[in-house]
Amino acid sequence: PKRMLLLPLYPQFSTTTTASSFREWKEACEHASFQVPTKRLCCYPTDTCFIAAHVDLLRQAFWDASAGGKTVRILF
C-alpha cells in the first residue's frame, strides 16, 4: 500500500485498547521493516455523524423489536 489508516473499532481512547493496538502495529512494522506513511484515527465518541448513525440503528431496532406492542428494554 501507499499509505495506511489505523481505525480502531472502539471509539473511546484507552491505554488497554487503542494505545496497545497502535503500539503493536508500530512494533510489527519495525520488525518487518514495513515503512509506509501511517495515520491514526482516534477517539471519535462525540463525533456527530457517529452518534447519528448509532441513533438511527437503535431507533430502527427498537421499532422492529416493539412491533405488535411488545415491551422492549434497551440496555447499554
| field | Pairs where residues 10-27 contributes a residue and the test salt bridge (charged side-chain N to carboxylate O under 4.0 Å, His left out) is met, not counting sequence neighbours | value | K26-E30
| message | Testing the basics here: between K70 and A65, what is the closest heavy-atom pair and its distance to 0.1 Å? | response | CD-O, 3.5 Å
| Should W25 and L41 be counted in the same cluster of Ile, Leu, Val, Met, Phe, Trp and Tyr side chains packed under 4.5 Å apart? | no
Extract all donor-acceptor atom pairs below 3.5 Å that involve side chains of residues 2-11 and protein atoms in other chains or at least two apart in sequence.
residue	atom	partner	partner atom	Å
Y10	OH	T17	O	3.4
Y10	OH	S21	OG	2.6

| remark: For F50, the ring-ring contact (aromatic ring centres under 6.0 Å, His included) test, sequence neighbours excluded, returns Y44, H54
| message | Please enumerate all residues that pass side-chain hydrogen bond (donor to acceptor under 3.5 Å, both in side chains) together with Q35, with sequence neighbours excluded. | response | none
| said: Suppose we screen for side-chain hydrogen bond (donor to acceptor under 3.5 Å, both in side chains). Which residues come up paired with S14, at least two apart in sequence or across chains? | reply: T16
| For R73, what residues pass the side chain to side chain contact (heavy atoms under 4.5 Å, CB included) criterion, not counting sequence neighbours? | none
| field | Shortest non-hydrogen separation from C42 to T18 and the atoms involved | value | SG-CG2, 3.8 Å
| Where at least one partner belongs to residues 31-45, residue pairs that pass salt bridge (charged side-chain N to carboxylate O under 4.0 Å, His left out), sequence neighbours excluded | none
| query | L57: what forms a side chain to side chain contact (heavy atoms under 4.5 Å, CB included) with it, not counting sequence neighbours? | reply | none
| With A19, which residues qualify under side chain to side chain contact (heavy atoms under 4.5 Å, CB included), at least two apart? | F13, T15
| Listed by chain and number, what are the side-chain hydrogen bond (donor to acceptor under 3.5 Å, both in side chains) partners of D64, not counting sequence neighbours? | Q60
| message | Checking S66 now: which residues fulfil side chain to side chain contact (heavy atoms under 4.5 Å, CB included) with it, not counting sequence neighbours? | response | F62, W63, V72
